Asks: 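Below is a structure I'd like to ask you about.
A quick note: this is a predicted structure, and the numbers were derived from the prediction, not measured. Counting convention: from 1, in listed order, for ligands and their atoms alike.
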Amino acid sequence: MSVFLVNPSDNSFGTAVITPRWLFVLAAATPTSVGDPILVDESLEAIDPDRIHPGDVVGISVHTGNALRGYQVGRMARQRGAWVVYGGIHATLFPEEALEKGAAHAVVKGDGDLVWAKVVADCLGGQPREIYEGGRIAGTDFLAARWDLMQPQKYMWASVQTIRGCPKHCSFCSVWRTDGQQPRQRRYQSVIDEIVNLRRLGFKFVALADDNFYPVTLTDLRLAREQNNQAKLQELTAIREERFQLMEELARLPQDMVFFTQITMEAGEDGDFLDAMRKANIKGALVGVEAVTPEGLKAVYKDWNYSGDALAQRLQTFKDHGVHVLGSFIFGLPTDKPATFDATVKMAMRAGVTFAQFVMMTPFPGTVDFTRWEKQQSVDPAMVGDVPITRYWLIPWESRPKMFTPHPTMSSDEIRDRTQKVWDRFYNWSAIWERSACCPDVTSRIAFIFLSKLYRQMYAGTGISSDSARRRKSRRWARWTARQCKRLFQASPMPELESPSWEPAFLRDDRRDAGQFSVLEN
Ligand code: B12
Ligand code: SF4
């Protein structure tokens, strides 16, 4: 029998931007007794059903966007006699749905690092449970990924996680509810070992796939001090110190390495942290700006963010410290007006953000926004065919609306149209050319231009090219650009690169094979 791990996707580009980390972590969690698992990333290539045989174990990860495709794969695998197991954020939130629509034998809720070995053993024993609680494991238990099973020539960026959880509570985000508000830091030695491993393979671009790389703000420290809460102060200081330790170690890695992460805007007031990031070669960060007006920020429970001139200044600070910003903006908030679109793109350009994404307000399950919307809909639920709109991920793509929550003054088409125009304006040739001036030489300037166009093509999914001919053409273009970009990201492997030697206390933990683990409650 074989263990398959499948990352479902409707779109296969042959090349992908970032490695889906869960695939390689679950590979590491697979008991050695069953051999290496077979990894299938459908964003590269769709799964071939003939490879699945009776008795195989098929692990499928679903987030809300790929749940429908995931369920298709699961039904196919079960029909072929395999054990079907789901995990990932969507399965954690809707385990019954995976059992019913995805033909699951079992669903893992929460982290899979430690519980997966038990699930595989139970399947092989013929008696899997329906639900497994993977829980929120301690940072010291996070597994390093099995990069030896990756096809390096297929990905531009690798992904390594250094921390899970986020102390904030934004209304549109599920992270603080599923991953918890208590930051769980991985041991920095384990992070560095994994990155060294990736550089040996020829990866110099690594995304730090963290919810929030800056879990302790200066304000948090000040408040703990003012409240004379010594225990809290000690805890926060320890987390912060470990962040700095990690960055010091990153700074010792080969200097051609480039890291990218996700961070809150508050880091903009912490010059020491930004300087440490620059030294660590963390050259860019996704910053959730969300809205450029105070009303918009209040609507998403993010009024600790800046707006207006202060916002432009704050974002500029990142750049001044050598950290490029990928600004993330949301459109479709109840407070948005037609003028908001123009104000947002102008702000993005004025604030000097290097990349930007403009996403349409989507109520993701597990968020405050989703709960509120589901409650509103419970009275007289809107339906698309026989699916309630609050289960929009089950609606086939062709008939799925592009926006789900009605806006008080603008139609969905108007919001989509205006959002698309903002993407076009931010990523027009002359704007990209101007921004590319941040590159040190001609080659990197060309890389920057390609990457900007690819980013726009892959992520501006507001659906304006709704007819299939235009969609096909746009996919062909994205495929071609992705291939060119891949070349720009390639580095020569450094097989001789050595890991620092760590103290003996830092040992590889093999408790997973024994099925023993502890779960944090928070
Ligand atoms: C890094 C990241 C990205 C990166 C990289 C994506 C990639 N290729 O990997 C980028 C920036 C590209 C990205 C894009 C988007 N992302 Co994102 N992303 C993340 C983030 C921060 C970390 C994901 C990660 O790699 N974690 C590390 C791995 C090891 O953890 P994991 O995936 O949770 O897997 C563990 C468990 O879930 C479990 N598990 C997972 N799968 C399986 C399967 C089995 C069988 C088992 C047993 C267990 C199991 O075990 C794993 C190990 O413990 C998460 C936040 C989060 N906390 O999940 C958001 C998150 C997944 N993203 C989210 C969203 C919304 C998006 C976008 C739609 C944003 C946008 N508007 O464009 C796009 C969609 C892109 C796409 N088509 O997939 C949401 C998803 C919400 C939802 N309900 O689906 C999340 C949860 C963040 C949020 N704000 O709520 N993302
Ligand atoms: S959007 Fe970012 S800052 Fe807000 S809760 Fe989610 S991870 Fe934290």
Asks: Any chance CD of Gln490 has more than 12 other-residue heavy atoms, nucleotides or ligands included, within less than 6.0 Å?
Replies: yes
Asks: Does any N or O of ligand 1 fall below 3.5 Å from an N or O anywhere on Thr64, backbone included?
Replies: yes
Asks: Given Ala98, Ser43, Pro20, Cys173, which one has a non-hydrogen atom that is nearest to atom 89 (N) of ligand 1?
Replies: Cys173
Asks: Which is it for Gln357 and ligand 1 at heavy atoms under 4.0 Å: side chain, backbone, both or neither?
Replies: neither
Asks: Are any of the N or O atoms of Ser174 closer than 3.5 Å to those of ligand 1?
Replies: yes
Asks: Phe329 pairs by ring-ring contact (aromatic ring centres under 6.0 Å, His included) with which of Phe172, Phe358, Phe355, Trp423?
Replies: Phe358
Asks: Using a plain distance cutoff, I'd like to know if Asp210 has any nitrogen or oxygen under 3.5 Å from a nitrogen or oxygen of ligand 1.
Replies: no
Asks: Quick check on contacts: which atoms of ligand 1 are under 4.0 angstrom from a heavy atom of Gly110?
Replies: 36 (C), 37 (O), 38 (C)
Asks: Report the part of Asp113 (side chain from C-beta onward, or backbone N, CA, C, O) that has a heavy atom under 4.0 Å from ligand 1; answer both or neither where that applies.
Replies: both
Asks: Honestly, is Arg400 close enough over Tyr392, meaning NZ or CZ under 6.0 Å from the six-membered ring centre and within 45° of the axis?
Replies: no
Asks: Any carboxylate oxygen within less than 4.0 angstrom of a Lys/Arg side-chain nitrogen, looking at Arg456 and Asp424?
Replies: yes
Asks: Ignoring hydrogens and angles, state whether a donor on the side chain of Thr178 or Arg136 is under 3.5 Å from an acceptor on the partner side chain.
Replies: no
Asks: For atom 80 (C) of ligand 1, what is the nearest protein heavy atom, given as residue, atom name and distance?
Replies: Ile89 CG2, 4.4 Å
Asks: Please find the pair of heavy atoms, one from Pro95 and one from Ile131, that lie closest to each other, and give the distance.
Replies: CB-CD1, 3.6 Å
Asks: Counting each atom of ligand 1 from 1 as listed, which ones have a heavy atom of Val108 under 4.0 Å away?
Replies: 47 (C)
Asks: What I want to know is whether Ser61 and ligand 1 share at least one N or O pair that is separated by under 3.5 angstrom.
Replies: yes
Asks: Looking only at non-hydrogen atoms, find the nearest pair between Pro8 and Ile60 and report the distance.
Replies: CG-CG2, 3.7 Å
Asks: Of all the atoms in ligand 1, which lie at a distance below 4.0 Å from a heavy atom belonging to Gln161?
Replies: 26 (N), 27 (C)
Asks: Considering only the protein, which heavy-atom contact is closest to atom 2 (C) of ligand 1, and what is its distance?
Replies: Gln262 NE2, 4.3 Å
Asks: Any atoms of ligand 2 less than 4.0 Å from a non-hydrogen atom of Asp211? List them with their elements.
Replies: 7 (S)
Asks: Counting from 1, what ligand 1 atoms have a heavy atom of Gly59 closer than 4.0 Å?
Replies: 45 (C)
Asks: Within a radius of less than 6.0 Å around CZ of Arg372, do more than 12 heavy atoms belonging to other residues, nucleotides or ligands occur?
Replies: yes
Asks: Measuring centre to centre across the rings, with the benzene-like ring taken for any Trp, is Tyr86 within less than 6.0 Å of Tyr71?
Replies: yes
Asks: For atom 24 (C) of ligand 1, which protein heavy atom lies nearest, and how many Å away is it?
Replies: Ala209 CB, 4.2 Å
Asks: At a threshold of 2.8 Å, where the distance has to be below it, does atom 8 (Fe) of ligand 2 have an N, O or S atom of His169 nearby?
Replies: no
Asks: Restricting to non-hydrogen atoms, name the atom on Ser61 and the atom on Gly88 that form the minimum distance, rounded to 0.1 Å.
Replies: OG-CA, 3.9 Å
Asks: Can you tell me if NZ on Lys453 sees more than 12 non-hydrogen neighbours from other groups inside 6.0 Å?
Replies: yes
Asks: For ligand 2, indicate whether the residue Thr264 contacts it via side chain, backbone, both or neither (heavy-atom separation under 4.0 Å).
Replies: side chain
Asks: Determine, using ring centers only, whether Trp83 and Phe4 are less than 6.0 Å apart.
Replies: no
Asks: Should the proximity of Asp111 to ligand 1, defined as any heavy atom under 4.0 Å, be assigned to the side chain, the backbone, both, or neither?
Replies: both
Asks: List the closest protein heavy-atom neighbour of atom 81 (C) of ligand 1: residue, atom name, distance to the nearest 0.1 Å.
Replies: Phe364 CD2, 3.9 Å
Asks: Check each atom of ligand 2 against the heavy atoms of Cys166 and keep those under 4.0 Å away; list them by number with element.
Replies: 3 (S), 5 (S), 7 (S), 8 (Fe)
Asks: Please write down residue, atom name and distance for the protein heavy atom closest to atom 78 (O) of ligand 1.
Replies: His63 NE2, 3.3 Å
Asks: Using a plain distance cutoff, I'd like to know if Asp211 has any nitrogen or oxygen under 3.5 Å from a nitrogen or oxygen of ligand 1.
Replies: yes
Asks: Short N/O distance, under 3.5 Å, between Val25 and ligand 1?
Replies: no
Asks: For ligand 2, is any non-hydrogen atom under 4.0 Å from Cys173's backbone (N, CA, C, O), its side chain (CB onward), both, or neither?
Replies: side chain
Asks: Distance to 0.1 Å, residue and atom name: give those for the protein heavy atom nearest to atom 31 (P) of ligand 1.
Replies: Trp22 CB, 4.3 Å
Asks: Answer yes if the ring centres of Tyr214 and Phe273 are under 6.0 angstrom apart, and no otherwise.
Replies: yes
Asks: Looking only at non-hydrogen atoms, which of Gln262, Glu266, Lys302 approaches atom 2 (Fe) of ligand 2 most closely?
Replies: Lys302
Asks: Go through ligand 2 atom by atom and flag the ones less than 4.0 Å from a non-hydrogen atom of Trp176.
Replies: 5 (S)
Asks: Return the residue, atom name and 0.1 Å-rounded distance of the protein heavy atom closest to atom 5 (C) of ligand 1.
Replies: Ile18 CD1, 4.0 Å
Asks: Considering only heavy atoms, does Thr92 approach ligand 1 within less than 4.0 Å through its side chain, its backbone, both, or neither?
Replies: neither
Asks: Out of Gly88, Gly112, Gly70, who is nearest to atom 39 (N) of ligand 1 when you count heavy atoms only?
Replies: Gly88
Asks: Please say whether Trp116 places an N or O atom under 3.5 Å from an N or O atom belonging to ligand 1.
Replies: no
Asks: Side chain or backbone of Leu26 under 4.0 Å from ligand 1, or both, or neither, by non-hydrogen atoms?
Replies: side chain
Asks: To which protein heavy atom is atom 48 (C) of ligand 1 closest, and what is the distance rounded to 0.1 Å?
Replies: Gly87 CA, 3.8 Å
